[in-house]
Amino acid sequence: MDSFQFFYGYIFGFGLHHVDFTNPHRPRTPKFSAHVYYNIMQNNGFPLTEDEKMIYGEFKKDFIWSSATASYQIEGAWRADGKGLSIWDQFTHTPGKIFEHDTGDVACNSYNKMDDDIAALKKVKVSHYRFSVSWPRVLPDGTTKNINQAGLNYYQRLLDALLAANIQPQVTLYHWDLPQALQDVGGWENETIIERFRDYADVLFQNLGPKVKLWITFNEPFIITILGHVQGAHAPGFNDRPDTLPYIVSHNIIKAHAEAWHVYNDKYRASQKGMVSITVNSDWAEPRNPYKQEDYDAARSLVEFYLGWYAHPIFNGDYSPVVKKSVLEQSLAGGLTKSRLPEFTPEEIKRINGTYDYFGLNHYCSVLAFPVDFGTTQHFEADRGVVVISDRTWLESGSVWLRMTPFGLRRLLRFIKNEYRNPPIIITENGVSENGPVDLNDVHRKYFYEQYINQVLKAYLLDGVNIIGYTAWSLLDNLEWAVGYTERFGLFYVNRSDPDLPRTPKASVSFYSSIISCNGFPDPASGPHECWNPEPEATKEPIPAINDVSFLGLKLSAEEAATGLNATFALLIVAVTGAVGLSVGLLLFNRRSKRD
Ligand code: PNW
């Protein structure tokens, strides 16, 4: 209990119980820590919580099991066969934008390595493959004035190869590679883009539609808006109007989505019988302090401004009341007479509402939210009024923004069920990265997929969420946007130091493939199960080091070559003769001592 602390008297309370020293009876009250300690003693340790316990069971029949990529991240062939330039070609070729000046010029060369990609998909045993179409490959200047048949042919060949392998396509129309020609006239800021996007969608539905049953109009409007038009970390790289630009861009994206959906609905649905929707991404947010109502409100606000920004107009009609209220109040606080959030007309609300055939969700992680008053600042962040942090006990990944928080996926799925009247949900992305040395035995990814997919199973079996599909991001290590090739999300490792860019399965491949074969998690108590057959470790093939280089006829890692070069230069200053021999000697010594 709190007691006398010598020099400090009674100002520090070390106790599990608070003692009221102003009261002559010295009453004792247990603090929260007393309850925590009591539970530890009761349990004789730390048993798994309900959240952490695995459940066993199967997903729906005909569940969609998929893996995903995106055109700019894998295709390469940036100027092949009449392709136009995209804003990502422009952005990656602008000095200082991408880590180590990486570009998608070659990427995984999937434009020329279709067979390898199909072989990889077969190895994972997915039922579906999610890829995106490069708009400027099909329409080089973004408009239908000039349709690039060679570009269309590539996607036709890909669809044929997938169907021949009994893999169904999920096609994304827009995964961020806007034709540069359209950016030159204002990109997503210019509302004529709504028509341009509708026409582009029409071309794809007409030409590819007979072979496609699942369409995604936009991938992650939030990231397009915030990273591309508020922070400037993604193409087109704007950060000069964080008060208005995000709202204008998002407004046009939502309308463009709706128009594309209507084109499909009016012209193609009857004959092609597919489904069209949008993929929104969202973190899940918990209150930083679970004893503060303001933190609950902040967590709610975060999700409303993330998922809800797009989902509310499309699934419920109009912007969410939380978003409307916050942007209006902050606009007025800044001395404006009306909200910076554009309004939909009643006709527009009607036209947008209901333009979905399922709910496409990308999810990676959760955060802890709390409110911050930004005063009169006119900025998207100030409108939202929320700051987020992570819990340091959450496992890290190869990306700073991504910590492993499987529990959040189930909660987000439940939120979608309750908020948007239980739509069918396809998880169109979920995955984890590593960076640094290559280790094909990716235990962290196996753990990630096991834990996250198990939470999806709980959402389905215990919460009645109508989940119809799951997609692992990503099939291949690929260009991770502004961080280049350093953060690797792939089920397959792509050796970039070999010009052939070979794909090698990581251990997670056979693990994910077992979940797919079992359509869930079979109970080990009733086993063994034939479907559950993950290989204990990744292939024993030698692991190629990244950036292998030749130095004096030796095959060395970049690091070793640098040691050799430095030694060579240093010794050259002292004496030219013998320097090379000595540096090679040093190098070999260095290598051996590392091995030892
Ligand atoms: C998604 N964040 O992007 C994209 O759809 C993929 O192209 C990408 O490779 C993948 O996730 C992994 O990053 C995101 O900062 C980018 O929260 C950033 C965030 C989330 C998703």
Side-chain angles (χ1 to χ4, degrees), residues 66-75 86-88 91-92 98-99 102 104 107-108 110 130-134 170-178 216-235 253 278-285 302-303 305-307 309-310 360-369 380-381 384 386 388-390 394 396-405 408-409 412 426-435 445 448-449 452 471-492 494:
S66 183
S67 183
T69 60
S71 47
Y72 189 73
Q73 294 181 275
I74 64 159
E75 283 179 5
S86 79
I87 55 174
W88 273 94
F91 196 66
T92 55
I98 310 294
F99 187 71
D102 284 334
C108 303
S110 287
R130 177 180 172 219
F131 65 90
S132 80
V133 172
S134 158
Q170 280 168 291
V171 184
T172 310
L173 272 56
Y174 187 76
H175 202 126
W176 310 353
D177 39 0
L178 184 72
I216 296 164
T217 54
F218 285 89
N219 179 68
E220 304 190 347
F222 185 89
I223 299 292
I224 300 169
T225 301
I226 300 303
L227 273 74
H229 298 82
V230 173
Q231 299 172 358
H234 280 190
I253 291 176
I278 187 168
T279 276
V280 292
N281 70 306
S282 188
D283 291 351
W284 176 247
L302 187 108
V303 177
F305 266 91
Y306 215 135
L307 186 89
W309 192 347
Y310 310 96
L361 174 71
N362 287 0
H363 175 74
Y364 288 88
C365 66
S366 294
V367 291
L368 302 175
F380 161 79
E381 294 280 352
R384 192 171 59 174
V386 179
V388 300
I389 54 166
S390 291
W394 296 341
E396 294 175 314
S397 73
S399 308
V400 278
W401 54 271
L402 203 181
R403 284 186 184 243
M404 298 201 203
T405 48
L409 178 51
L412 185 58
I426 303 178
I427 295 172
T428 42
E429 271 181 40
N430 180 229
V432 70
S433 59
E434 68 259 351
N435 63 34
R445 184 170 287 103
F448 181 98
Y449 282 130
Y452 274 71
T471 311
W473 181 272
S474 176
L475 181 67
L476 307 174
D477 288 344
N478 57 44
L479 181 93
E480 181 52 20
W481 308 110
V483 294
Y485 294 98
T486 50
E487 294 177 15
R488 305 187 302 273
F489 281 83
L491 289 162
F492 285 75
V494 176

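Whatever order the structure lists ligands and atoms in, that order sets their numbers, starting from 1. This one's a predicted model, so the numbers in the text were calculated from it and none came from an experiment. Worth knowing before you read on, the calculation uses all heavy atoms, side chains too, and leaves out hydrogens, waters and symmetry mates.
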Go through the structure and list residues passing side chain to side chain donor-acceptor pair (under 3.5 Å) with Trp309, not counting sequence neighbours.
none
With atom 4 (C) of ligand 1 as the reference point, say which of Glu487, Glu429, Glu480, His363 has the nearest heavy atom.
Glu429
How far is atom 10 (C) of ligand 1 from its nearest protein heavy atom, and which residue and atom is that?
Tyr364 OH, 3.3 Å
Tell me, which protein residue and heavy-atom name are nearest atom 21 (C) of ligand 1, and how many Å apart are they?
Glu220 OE1, 3.5 Å
Any His175 heavy atom less than 4.0 Å to ligand 1:
yes
Measuring from atom CG of Leu475 to atom CZ of Phe489, what distance do you get when rounded to the nearest 0.5 angstrom?
14.5 Å
For Asn219, is at least one N or O under 3.5 Å away from an N or O on ligand 1?
yes
Return each pair, listed once, that meets salt bridge (charged side-chain N to carboxylate O under 4.0 Å, His left out) where at least one residue sits in residues 223-232; pairs must be two or more places apart or across chains.
none
As a check for students: among Trp401, Phe222, Trp481, Trp473, identify the option with a heavy atom nearest to atom 2 (N) of ligand 1.
Trp401
Among Asn219, Leu361, Thr217, Ile426, whose side-chain contact (heavy atoms from CB on, under 4.5 Å) with Thr279 holds?
Asn219
For Ile223, the ligand 1 atoms whose distance to one of its heavy atoms is below 4.0 Å:
18 (C), 19 (C), 20 (C)
Which label fits His363 and Tyr452: parallel for a plane angle under 30°, tilted from 30 to 60°, or perpendicular past 60°?
tilted
Donor-acceptor pair between Ser397 and Tyr364 side chains, under 3.5 angstrom:
no
Any nitrogen or oxygen of Gln73 lying under 3.5 Å from a nitrogen or oxygen in ligand 1? Just yes or no.
yes
